[in-house]
2 protein chains.
Amino acid sequence: MGTTAKALSLLNYFTRSRPLVGLSDMARLSGLNKATVYRLMGELAEAGFVEQVGTGREYRLGPAVMRLAALREHAVPMRDVAAEVLRDLSDATQETAHFSLMQGRTLSTVTYAYSPVHGTRVTMEDADVLMLHATSSGLAVLAYSAPDLVGAVLEGPLEARTDQTITDPAHIRRMLDEIRRDGVAESVSGFENDVHSHAAPIFDAESRAMGAIAVAAPTARMDAALAARIRVAVKAQALRLTRMLGGLPPPDYPRNTPDTVAGHAPAPA
Amino acid sequence: MGTTAKALSLLNYFTRSRPLVGLSDMARLSGLNKATVYRLMGELAEAGFVEQVGTGREYRLGPAVMRLAALREHAVPMRDVAAEVLRDLSDATQETAHFSLMQGRTLSTVTYAYSPVHGTRVTMEDADVLMLHATSSGLAVLAYSAPDLVGAVLEGPLEARTDQTITDPAHIRRMLDEIRRDGVAESVSGFENDVHSHAAPIFDAESRAMGAIAVAAPTARMDAALAARIRVAVKAQALRLTRMLGGLPPPDYPRNTPDTVAGHAPAPA
DNA sequence: ACCATAGGTTCATATAATGAACCAGAAACA
DNA sequence: TGTTTCTGGTTCATTATATGAACCTATGGT
């Protein structure tokens, strides 16, 4: 591991629950020598990536990251990133792919992509609002949401959009357990008749589910083979999108595709 | 300069107008050997600070900065605090207010607020870099900076952004004296034509000028009455923001609004 | 007074960074 | 079409840089 990689890896020891890290702590966490950490942190501090503060001269993340983040957001807006991922996802599955973000307590569609292969397809509208209990995207988010949000949703009136919408809170809780095991949510005609969809959550930098991407197909076309392909693809692309947006899946999120990060001359996903 | 510092300095060649940088360009810009840049960029890429994209395999800022920025923001909600102050400042003056922070030897904009009152207004961009000698914010910071920084800035080439930019070091030094007397800096079309701005420094816990807030108005609208209102407001809000961020103005900072509250609860430092 | 911990510093050693030269491929140009 | 001149990427002997055990000083706890 190069010196620079070591220095940058130190930044990963700052978390939401541990915003301040002292020199000795950092040495312990990283397994590096204290003197090494001291010098690396010094260089990071000079560049504004960390700063020292407080009585114990502890370190925290510095202002430079804010500036870079502003530039990154300008260079790579979230919608464009998502659009690229959805393009690949709909190409891979030959079905409609869409991306939705939590806004308050509702999930609203940001962008989507159609596959030109089939004459029939599930169609979407911008800013569609998805019900949390009745869509695969909603369930994917719920499965990784704080218990109080889940409770609030399941206690509230659960509207049945179709005669196949699942409205039994106990049943939904069992589904959430299943989703946490697989990493993929599923909904069969729960929101619109004759639509079968699979979704996987998108996580933010604090590993909170901030949204989901989903693949929606006509039930008539769904079979075991297609479902299997979709499940793999939607999960892989969700992880990719999470990474591209600077998010981090929670440690317990199931990964069946260990994305071995090769050097920087890399395989296009 | 350490290897890590070199690697991190490469990130500064990404700007709003140059979001993509190729390997050779980066080597030219930084003055480093191409092979060196190649390896450093490789390490940065592995850590997610940059990523390669496009036909020319050019680099751009990576998702990692978004993640770190979210953590920084969580640890130091400076942006939120500043946003509130700027809101009040722009309401009080009915003009554009902005907040910039020193990063190394440059001043970069963190956040800003517009007033909805007038149809015309000065507009800002996130991560705008302000020249120290040619903006009111820069002058406000310089006036309270260490002599060696002032010397370094005034010795260096002083770019004239407009035909009204003041580039005479002696003249600037006289202005700095004036700023120290008033506590407020002023710039008339020094950075952008037809923009008249007033600024006051923000101090950190060690009473060093870490940034500034400013009010920028179209020159057409500026008159004695507006200028007087702005000077009072920007200074008061700068003191308030300094306090909210845990900073402390130096003892010689002029205060014309003595907020000596004769209560029995002592002012929080 | 004592021990354990902290941040910070030193210097001989070893490891990692460096850069000139070199590929191979893609445009630009004639 | 061949030639030039870019590009990103690679090699390897040389050199400079990073490293870590030990040390220093201060502080908080017992």
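For the numbers below, each heavy atom of this structure counts, side chains included, while hydrogens, waters and symmetry mates do not. Numbered from 1 within each chain, the chains take letters A, B, ... in sequence-line order.
Between T4(A) and N33(A), the residue whose closest nucleotide on DNA chain C is further toward the 5' end is N33(A).
Considering only residues two or more places apart in sequence or on other chains, F14(A) meets the ring pair (Phe, Tyr, Trp, His ring centres under 6.0 Å) condition with none of them. Taking Y112(B) as the reference, Y114(B) meet the ring pair (Phe, Tyr, Trp, His ring centres under 6.0 Å) condition, with sequence neighbours excluded. Residues satisfying the ring pair (Phe, Tyr, Trp, His ring centres under 6.0 Å) test with F191(B), not counting sequence neighbours, are none.
Between the CG atom of D25(A) and the C1' atom of dA4(C) there is a distance of 15 Å, rounded to whole Å. Regarding M41(B), its CE atom lies at a distance of 15 Å from the P atom of dT10(D), rounded to whole Å. Between the P atom of dG19(C) and the CG atom of L32(B) lies a distance of 7 Å, rounded to the nearest Å. One interatomic measurement links the two molecules: CG of L40(A) to C1' of dA18(D), which rounds to 9 Å at whole-angstrom precision.
Relative to the side chain of E43(B), the nucleotides dA17(C), dT19(D), dT9(C) differ in distance, and dA17(C) lies closest. Here the side chain of Q52(A) is nearest to one of dT18(C), dG8(C), dA18(D), namely dG8(C). Set against dT10(D), dG8(C), dG7(C), the side chain of Y38(B) has dT10(D) as its closest nucleotide. The side chain of A35(A) sits closest to dT10(C) out of dT7(D), dA17(C), dT10(C).
Contact between the side-chain N/O atoms of T36(A) and the OP1/OP2 oxygens of dG20(D) is found at a separation under 4.0 Å. Listed pair T3(A) / dA18(D) fails the phosphate criterion, with no side-chain N or O lying under 4.0 Å from OP1 or OP2. Using a 4.0 Å cut-off, some side-chain N or O of R57(B) falls inside it from OP1 or OP2 of dG9(D). Taking 4.0 angstrom as the limit, Y59(B) places a side-chain polar atom (N or O) nearer than this to OP1 or OP2 of dG9(D). For dA18(D), neither phosphate oxygen OP1 nor OP2 lies less than 4.0 angstrom from any side-chain nitrogen or oxygen of R39(A).
Look at R121(A) and E95(A) and you find no salt bridge, because none of the NZ, NE, NH1 or NH2 atoms lies under 4.0 Å from a carboxylate O. For the pair E84(A) and R240(A), the salt-bridge criterion is met [side-chain N within less than 4.0 Å of a carboxylate O]. Classification of R18(A) and E58(A) as a salt-bridged pair fails, no side-chain N sitting under 4.0 Å from a carboxylate O.
Of the inter-residue distances, the one linking R67(A) atom CZ with R72(A) atom CZ reads 15.5 Å to the nearest 0.5 angstrom.
Applying the side-chain hydrogen bond (donor to acceptor under 3.5 Å, both in side chains) definition to pairs two or more places apart or across chains, those involving residues 25-37 of chain A are D25(A)-R28(A).
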Table of protein N/O atoms under 3.5 Å from nucleotides 24-30 of chain D N/O atoms:
none

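At most 12 heavy atoms of other shown residues, nucleotides or ligands fall within 6.0 angstrom of atom CZ in R79(A).
With axes fitted over five pairs at each extremity, the angle between the ends of the helix from dA1(C)-dT30(D) to dA30(C)-dT1(D) is 40° (10° resolution).
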